[in-house]
Structures are given as structure tokens and as C-alpha cells.
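What follows is a single structure, written as C-alpha cells, with notes after it.
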Amino acid sequence: FRVRQRLTRIMRGALTATVPDPSVAQLQAYFRDNIDKYTTPESLTLEQVVFPWGEEVAEEELERALAELRAGADPAQLGATSFSAPRRMPRQTRASLVRTFGADFADRVEELPTGAWHGPLESIQGVHLVRVAERHPPEPGVFENLETYLRQEWVMTRTRELQQERVDEIRTGYQIELAEK
């Protein structure tokens, strides 16, 4: 197995032509053709009050805290502080919410309207009172900020394409036959 991997690397290296640096026009075309790769996912800014698991919190206390928040109370005066669940979490994607709080919590938060306090919602961290402060639509990347990365990716992609073209060219000169036993 290792011999095969090493031979494959040697052959790919032998087949690799030097790829010239792309022009700005080529990079811009590559960027446009792959814009989805360079677009940030939809996200939201979340504010929350957390009551971690292990701390007994009566349902009446949760209802009182929610009513206070809806009346304009300072969230910092309620619940507990948590490193993994800070009071304000800007630009959270679905993936980041799932990693931090679990899929059920992320599903529920995504359905909440913007601006009002809701809860209680349970997560793997505890019980939350939540407010979706803002929703951020997907944003395409800016070419000038990505130009160095795009250049590297373009060269790698073009190198693979040239290698594959060379392999396909070599294959046309051979015929593989499997002998029956």
C-alpha cells in the first residue's frame, strides 16, 4: 500500500507541469464561477440568559425572568455567566449553534422571530431565555480580501486539471485486459 502511494506521488510529480501565475482577469473569473464557496452562510446575533444544568431553577423563576426581560430588564442581572454560552453571541451560523448547544436548540432558535425574548429553551448547556437580536443574510466575499487565497487555490486546481489531462492522455496508449482465472 505504501509503495503504491509513493509511486503515485512520484508519477503525479513527474506529470506536473509548472503552472504560470494567473492573471487578475483569470482570478476574477474563477472567483465569479465559485462565488458560493466564498459566501458566508446565513447567521444571527443571539442574546441569552442561561441557567446551566445542575442549578435548580423553578419554572416560576424562569417565567419571572422572561417577564422581566420582556419589560426591559438588563440580561446581565439574570441567570449565570458562562464561557461557552456568553450573553451575546454575534453572527452565529447554524453549524456553530449546533456545535455549542445541539441541533434541537439550533432548530428552535432559527424559528424564532427577531427582537423579542423567548423561552425557556433547553440545550446541552442548560435552559435559555433567548432573543434573536439580528439576522444576517449570506454575504459574498470581497475579491480584494481573498486574492492571495484565490491565487493559491487557482494554481492547485489548475495543477490537478493538468495532471488529470496528462493521465487521460497516457491511458489512451494502453489497454487493460483482465485475465480470467
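Residues: numbered from 1 along the sequence shown.
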> If you look at every heavy atom in P22 and V155, which pair is closest and at what distance?
Replying inline: CD-CG2, 4.1 Å
> Can you name the residues that form a side chain to side chain contact (heavy atoms under 4.5 Å, CB included) with R32, not counting sequence neighbours?
Replying inline: Q28, A29
> Please, which pairs that meet salt bridge (Lys or Arg N to Asp or Glu O under 4.0 Å) have at least one residue in residues 143-153, sequence neighbours excluded?
Replying inline: K37-E153, E147-R151
> Can you tell me how far the CZ atom of R87 sits from the CG atom of L46, to the nearest 0.5 Å?
Replying inline: 12.5 Å
> Excluding sequence neighbours, so at least two apart, what forms side-chain hydrogen bond (donor to acceptor under 3.5 Å, both in side chains) with R160?
Replying inline: none
> Honestly curious: do L27 and I35 fall in one hydrophobic cluster under the side-chain, below-4.5 Å linking rule?
Replying inline: yes
Return a table of donor-acceptor pairs under 3.5 angstrom between the side chains of residues 110-117 and protein atoms on other chains or two or more places apart.
unit_1, atom_1, unit_2, atom_2, d
E110, OE1, R94, NH1, 3.4
T114, OG1, R135, NE, 3.2

> Do you know which two heavy atoms are closest between A65 and L78, and how far apart they sit?
Replying inline: O-CD1, 3.9 Å
> Who pairs with Y149 by ring pair (Phe, Tyr, Trp, His ring centres under 6.0 Å), at least two apart in sequence or on another chain?
Replying inline: none
> More than 12 heavy atoms of other residues, nucleotides or ligands under 6.0 Å from CD of Q5: is that the case?
Replying inline: yes
>> Using the side chain to side chain contact (heavy atoms under 4.5 Å, CB included) criterion, which residues pair with S43? Sequence neighbours excluded.
In response: R91, T93, H136
> Quick one: do V57 and F101 end up in the same hydrophobic cluster if we chain Ile, Leu, Val, Met, Phe, Trp and Tyr together by side-chain heavy atoms under 4.5 Å apart?
Replying inline: no
>> Around atom CG of N34, are there more than 12 heavy atoms from other residues, nucleotides or ligands closer than 6.0 Å?
In response: yes
> What residues form a side-chain hydrogen bond (donor to acceptor under 3.5 Å, both in side chains) with R64, not counting sequence neighbours?
Replying inline: E68
>> If the condition is side-chain hydrogen bond (donor to acceptor under 3.5 Å, both in side chains), which residues does N145 pass it with, not counting sequence neighbours?
In response: none
>> Could you work out, with side chain to side chain contact (heavy atoms under 4.5 Å, CB included) as the rule, every residue matching P52, not counting sequence neighbours?
In response: V50, E55, A80
>> Please say yes or no: joined through hydrophobic side-chain contacts below 4.5 Å, possibly via intermediate residues, are F51 and L69 part of one cluster?
In response: yes
> Out of curiosity, T159 OG1 to W154 CH2, how far, rounded to the nearest 0.5 Å?
Replying inline: 8.5 Å
> Are W53 and F105 connected in the hydrophobic side-chain network, where two residues link if heavy atoms are under 4.5 Å apart?
Replying inline: no
> How far does CG of D104 sit from CG of L97, to the nearest 0.5 angstrom?
Replying inline: 12.5 Å
> What's the verdict on side-chain contact (heavy atoms from CB on, under 4.5 Å) for T45 and R88, showing C-alpha distance, side-chain angles and the deciding distance?
Replying inline: CA-CA 7 Å; T45 295; R88 184 167 175 85; 3.4 Å; yes
> With E161, which residues qualify under side-chain hydrogen bond (donor to acceptor under 3.5 Å, both in side chains), at least two apart?
Replying inline: R158
> Got V3 and L7 here, is their nearest side-chain heavy-atom distance under 4.5 Å?
Replying inline: yes
> Who passes side chain to side chain contact (heavy atoms under 4.5 Å, CB included) against D74, sequence neighbours left out?
Replying inline: A76, Q77
Which pairs would a plain distance check flag for residues 119-134, meaning a side-chain donor or acceptor within less than 3.5 Å of a matching protein atom at least two apart in sequence or in another chain?
unit_1, atom_1, unit_2, atom_2, d
S123, OG, Q125, N, 2.9
S123, OG, G126, N, 3.4
S123, OG, H128, NE2, 2.6
Q125, OE1, S84, OG, 2.8
Q125, NE2, T100, O, 3.1
H128, ND1, Q48, OE1, 2.8
R131, NE, E47, OE1, 2.8
R131, NH2, E47, OE1, 2.8
R131, NH2, E47, OE2, 3.4

> Is any side-chain heavy atom of Y38 closer than 4.5 Å to a side-chain heavy atom of V142?
Replying inline: no
